[in-house]
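Read through the structure below, which is laid out as structure tokens, and then see the notes.
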Amino acid sequence: MPDSPSPASPYEVLGVPTGASMEDLRRAYRRRLRETHPDTGGEAVEFHAVQVAWRLIGTPDDRASFDASFTRTSTTAPSASTPQASWADFAAAPDDFSRRQPEPAPTARSYGHPGGWNRQEYFELMREWVGRGSQLQHPYDAGLVRSAPREIRHLLADAIAEEDTARTLSQLDIAYTVWHDVHTDLPGPGPDQKLDHIVLGPTGLFAFLSEDWGGALQIRKGEIVSDMLSLGERPMNSLGKRVRSLARSARVKFSALGVIVPDGSTADSLAAVGREKGIPTVIIQKSRLAEFVEMGMAGETRLSADDLFAARDRLQQVIRFI
């Protein structure tokens, strides 16, 4: 039998029947993302088709709209004056269809103020450096920032990095929950007390630091090293300590720990660093972050719906913001 000239429907792209539950749709979407991703041997065209299919039927409202308006068969013959839309129409003109969509798909729930602690500390140190009693009218003036001590510049760079990460994480789908600037109850200065980002979703529970040291980074003996780091600074070890404090109080297990860095600052855009008390650690360039979270850590078991809800409840009960 020759192939059908009609393009596959979103249900066919995801490999589920039209009567599948929303949970089955979500599982199928994640599975098809892994199967079609170019980095895992898939085809870019198929990977794009999976994302398009999810945009069309990934929420109950979008699905209802698609089912009502875009069918491959109909029991009612269209009238000559009222042409009927089809999935083929969308495949031919996806941009035109996307403009007709009433609402975007719901995205991840986010809590906290990303970069807030760093910006506050930046202002305080900048005022002190400029001089007490002096007016700081333009704290982000490029010349002023460049002339400031490295410690102050680094605070601002990290605040911007955290805000960039938050924007990326906010585009994850509604199955994910994100917390920013979380207090860990560890003693010490603010940076040592906080976790920049915690992400919980079907692919696992992740803790991240967003960093911009302004130079090239390397991995050596399970740690990030660079001339740009402060003397004695051990980012992965510090991240591990912060995570253990929260994991104990919330009774949760983290799937991976990561440091997010600017694109081009490491030889590989995504690299394993080692382990901190048995938890895998990675360094991730920011353009690979969403992909890493959506794919999950290789070899880690995905969370069931019950495990996901239980972990979210325990985290919500103990998380405080710095």
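Since the model is a prediction, treat every value here as computed from it, not as a measurement.
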Self-check item: Flag side-chain contact, heavy atom, 4.5 Å: I174 against T59
Solution: no
Exercise. Step by step, work out the side chain to side chain contact (heavy atoms under 4.5 Å, CB included) result for I322 and Q193.
Key: CA-CA 8 Å; I322 195 165; Q193 290 183 330; 4.0 Å; yes
Exercise. Starting from the C-alpha separation in whole Å, work towards a yes-or-no answer on side-chain hydrogen bond (donor to acceptor under 3.5 Å, both in side chains) for S65 and D62.
Key: CA-CA 5 Å; S65 176; D62 288 341; over 6 Å; no
Self-check item: Qualifying side chain to side chain donor-acceptor pair (under 3.5 Å) pairs with a residue from residues 269-278, counting only residues at least two apart or across chains
Solution: S269-R288
Exercise. For F123, check ring pair (Phe, Tyr, Trp, His ring centres under 6.0 Å) against everything at least two apart and list the hits.
Key: Y140
Quiz prompt | side chain to side chain contact (heavy atoms under 4.5 Å, CB included) between R150 and M228, worked out | solution = CA-CA 10 Å; R150 184 186 178 281; M228 309 303 295; 4.1 Å; yes
Exercise. May I ask you to test the T266-Q285 pair for a side-chain heavy-atom distance under 4.5 Å?
Key: yes
Exercise. With the side chain counted from C-beta on, respond yes when I284 and V259 share a heavy-atom pair under 4.5 Å apart, and no when they do not.
Key: no
Quiz item: Quick check: does any side chain N or O of T107 sit under 3.5 Å from a backbone N or O of Q171, one acting as donor and the other as acceptor?
Solution: no
Quiz prompt | R127/E124 salt bridge by N-O under 4.0 Å criterion | solution = no
Quiz prompt | Donor-acceptor contact below 3.5 Å, side chain T184 vs main chain S245 | solution = no
Quiz item: Going by distance alone, is a donor N or O of one side chain under 3.5 Å from an acceptor N or O of the other, for R242 and S238?
Solution: yes
Quiz prompt | Electrostatic pair R55:D173 at N-O distance under 4.0 angstrom | solution = no
Quiz item: Do we see a donor-acceptor contact under 3.5 Å between the side chains of E162 and W117?
Solution: no
Self-check item: Min side-chain heavy-atom separation Y11-P17 under 4.5 Å
Solution: no
Self-check item: Set of side-chain hydrogen bond (donor to acceptor under 3.5 Å, both in side chains) partners for R220, sequence neighbours left out
Solution: Q218
Quiz item: What's the shortest heavy-atom distance between A272 and V282, and which atoms?
Solution: CA-CG1, 4.2 Å
Exercise. Evaluate the criterion side chain to side chain contact (heavy atoms under 4.5 Å, CB included) for residue pair K286 and T168; output intermediate values, then yes/no.
Key: CA-CA 8 Å; K286 65 180 181 179; T168 297; 5.9 Å; no
Exercise. Applying salt bridge (Lys or Arg N to Asp or Glu O under 4.0 Å), name anything that partners D24, two or more places apart in sequence or on another chain.
Key: R27
Self-check item: Nearest heavy-atom neighbours spanning L14 and L25
Solution: CD1-CD2, 4.1 Å
Quiz item: Is L169 close to L289 at the side-chain level, that is, under 4.5 Å between some pair of heavy atoms?
Solution: yes
Exercise. Please tell me if the side chains of Y122 and D158 come closer than 4.5 Å, counting only heavy atoms from C-beta onward.
Key: no
Quiz item: If you look at every heavy atom in V273 and I283, which pair is closest and at what distance?
Solution: CG2-N, 3.7 Å
Exercise. Enter the distance from D212:CG to L155:CG here, rounded to the nearest 0.5 Å.
Key: 12.0 Å
Quiz item: Is the closest side-chain heavy-atom distance between M295 and R30 below 4.5 Å?
Solution: no
Exercise. Using salt bridge (Lys or Arg N to Asp or Glu O under 4.0 Å) as the criterion, list what pairs up with D181, not counting sequence neighbours.
Key: K194
Practice problem: Can you sort out the partners of D164 under side-chain hydrogen bond (donor to acceptor under 3.5 Å, both in side chains), two or more places apart, ordered by chain and number? | Solution: R167
Practice problem: Quick one: closest heavy-atom pair of P235 and L209, and the distance? | Solution: O-CD1, 4.1 Å
Donor-acceptor contacts under 3.5 Å from residues 197-204 side chains, at least two apart:
from	atom 1	to	atom 2	distance (Å)
H197	ND1	H180	ND1	2.9
H197	NE2	S210	OG	2.7
T203	OG1	Y176	OH	3.1
T203	OG1	V293	O	2.5

Quiz item: Residues two or more places apart in sequence or in another chain: which of them pass side-chain hydrogen bond (donor to acceptor under 3.5 Å, both in side chains) with R26?
Solution: E23
Practice problem: Sequence neighbours left out, what pairs pass side chain to side chain donor-acceptor pair (under 3.5 Å) with at least one residue falling in residues 310-322? | Solution: T177-R312, W179-Q316, D185-R320
Practice problem: Could you pull out all residues at least two apart from E121 that satisfy side-chain hydrogen bond (donor to acceptor under 3.5 Å, both in side chains)? | Solution: none
Practice problem: Among residues two or more places apart or on two chains, list those pairs meeting ring-ring contact (aromatic ring centres under 6.0 Å, His included) that have a residue in residues 261-313. | Solution: F206-F292
Self-check item: Set of residues satisfying salt bridge (Lys or Arg N to Asp or Glu O under 4.0 Å) with respect to R248, sequence neighbours excluded
Solution: none
Practice problem: Show the numbers, then the answer: is there a side chain to side chain contact (heavy atoms under 4.5 Å, CB included) between D196 and V182? | Solution: CA-CA 7 Å; D196 295 348; V182 174; over 6 Å; no
Quiz item: Quick one: are V13 and W54 in side-chain contact, heavy atoms under 4.5 Å?
Solution: no
